[in-house]
Amino acid sequence: MTVRVRFAPSPTGEPHIGNVRTVVFNWLFARKMGGRFILRIEDTDRTRYQPESIPIIMEGLRWLGLDWDEGPGLEELRRSGVENAEAYGVGGPHGPYVQSERLERYREVAEELVERGWAYRCNCSPERLERVRRMQRARKLPVMYDRHCRDLPPGAVSPDEPHVIRLKVPLTGQTVVHDVIKGDVVYDNAGIDDQVLLKSDGFPTYHLAVVVDDHDMRITHIIRADHWIPSTPKHILMYEALGWDIPTYCHVPLVLGEDGKPLAKRHGATSVTQFRDQGYLPEALFNFLALLGWAPGEGEEQEIFGREELIERFDLFRVNRAPATFSYSKLDWMNGVYIRGLSQDDLLERLIPVWQRAGLVPDPCPEDMRATLRRVVPLVQERLKRLTDVVDLTEFFFSEIEPPSAVLLMQKGLDAGQSLEVLRRARYVLTQVEDFSEERVEGVLRGLVEEMGLKNRQVFGVIRVATTGKKVSPPLFGTLSILGRQRVLARLEAAEAVLGVSSKS
RNA sequence: GCCCCCAUCGUCUAGCCAGGUCUAGGACACAGGCCUUUCAAGCCUGCGACACGGGUUCAAAUCCCGUUGGGGGCACCA
């Protein structure tokens, strides 16, 4: 049987990265098994519904390379208000893949459950339900529906009046969740609530919809976050009532934030688009996510895995039972590894939009500027953890700098007079040097160090601060060469003025 | 309150299922050093964990029980 798994986001905002990690597991498992990865939109909560989040979710998946084999088709997406539906419409043989388009089907199944004696109509008011719950809490009893309508005579609640349909959970016996990661989890039926399946607005609850859709869409493995475990017995009861095959459950742990709490919006950068905007590479994030809660084992000590390698090695049944904490510092390291592994051309193409967003480079990027940027790339490549780091590191190439303060200019062991001397002589040799290639610049400046009997760090330090305005910069000779003679001489002169004034005073 | 899940360095993990090869291995982070024009990168070294208590066994990180700690669920939300 072909493996079929799904990601079923609710369009109420952007999924956070912990959720995305679970998607990565789904996708990896599907690809590993030669199966199908299905995208389904669970939009049954009309109060929290945000249609604009649908394309954002899809864009995030696509950016990470998580392509889906079946999912909402063109027309479905259009009806959901997705503007560039043609970019994302996929369709498939088991649609519709948007739950609000499947209302009739849920009603049909709910009615079937009623007919089979596995569900019943209930017209209890929200006020009464709340009263019951309050009482239960006060008496420290399990909080659940008191089954007031469960044994009403047939027809006591008219199908025409507003009502919900509830699952009629057996009062005795046990239901076992066979989970491939957690093992067998046993629940007493007596502790399972008579869950609402069909809401009074005609929409299904998650519990009905997920069972119907997973069955209709022939899902074989349900890989989802483990906070769903407690509601799984209800789902199993429904499969049994309907005579349907029960899928294989794989409840994977939640991803924790650095405070040990499950990852949520308040943890800062948590959506895929935010990671993208902060300069993370999709291949690095993907690699990192795959290793969050899973490891190849067998003594394997490699950490950097390409997509194909991960597909080949991924083993769903080895996923950790315990939750993992999302570590930004390790992600940063891994991202740096991937940046260093990029070809210079590739890195250039990824950096240009970053410079553009920072307002340092016009869009489109002029050809001559591109040529200059091409020279900057090797200077910064091994210094970047995130693409966005390039802004601070290279800003001085694009705009004029404020002449640095005397304090910043002076290096260890040099006073203002000596520093000034360094700048004057540097300006002299750089005026004389026949061209401004990195090699020539290096040659004359090293000669200057020799002549003055100073240390490399002293001479190069003063020049660095004078020309970049910072103590930390890319390698000096390449930097000067790119800046060009004119700008370098001007900046040296401006710095001399600063020191000249301060040495007189 | 009731139900459920989880537990190896600060973090991600290997080892656990098929007890001995584990004075517990790797990675990130951190500290120190080397290299060096700054910062990185790279290399070397260091720091650092089987939550606790019982039991089973010749032998337990590995199996069992309990405790503690953390987390999740208990909606006409997903």
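Sequence lines set the chain letters: A, B, ... in the order given, protein chains first and strands last, and positions in each chain run from 1. Only heavy atoms go into these numbers, but all of them, side chains included; no hydrogens, no water, no symmetry mates.
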*asked:* Roughly how many Å apart are B:rG53 and B:rA75, using the C1' atom of each and rounding to a whole number?
replied: 41 Å

*Can you name the closest pair of heavy atoms from A:Asn287 and A:Ile304 and give their distance?*
OD1-CA, 3.4 Å

*Look at the side chain of A:His163 and the backbone N and O of A:Glu161, then say whether any donor-acceptor pair between them is shorter than 3.5 Å.*
yes

*Rounded to whole angstrom, note down the C1' distance from B:rA24 over to B:rA31.*
23 Å

*Measure the acute angle between the ring planes of A:Phe326 and A:Phe275, then classify it against the limits of 30° and 60° as parallel, tilted or perpendicular.*
tilted

*Tell me which residues in residues 447-455 of chain A put a heavy atom below 4.0 Å from RNA chain B, sorted by number, or none.*
none

*Would you please test A:Asn189 and A:Thr172 for side-chain contact (heavy atoms from CB on, under 4.5 Å) and show each step?*
CA-CA 6 Å; A:Asn189 289 339; A:Thr172 58; over 6 Å; no

_Counting the atoms with a prime plus P, OP1 and OP2 as sugar-phosphate, which does A:Ser10 contact under 4.0 Å by heavy atoms, base, sugar-phosphate, or nothing?_
sugar-phosphate

*Using the closest heavy atom to pick a nucleotide of RNA chain B for each, name whichever of A:Ile181 or A:Leu331 lands nearer the 5' end.*
A:Ile181

_Identified side-chain hydrogen bond (donor to acceptor under 3.5 Å, both in side chains) counterpart of A:Arg6 within the set A:Asp213, A:Asp214, A:Asn26_ = A:Asp214

*Could you check whether the rings of A:Phe477 and A:Phe460 sit parallel, tilted or perpendicular, using 30° and 60° as the cut-offs?*
perpendicular

*Using a heavy-atom cut-off of under 4.0 Å over every strand shown, decide if A:Pro475 touches base, sugar-phosphate, or nothing.*
base

*Can you pull the contact range of chain A along RNA chain B, 5' to 3', using atoms under 4.0 angstrom from its heavy atoms?*
B:rG1 to B:rA78

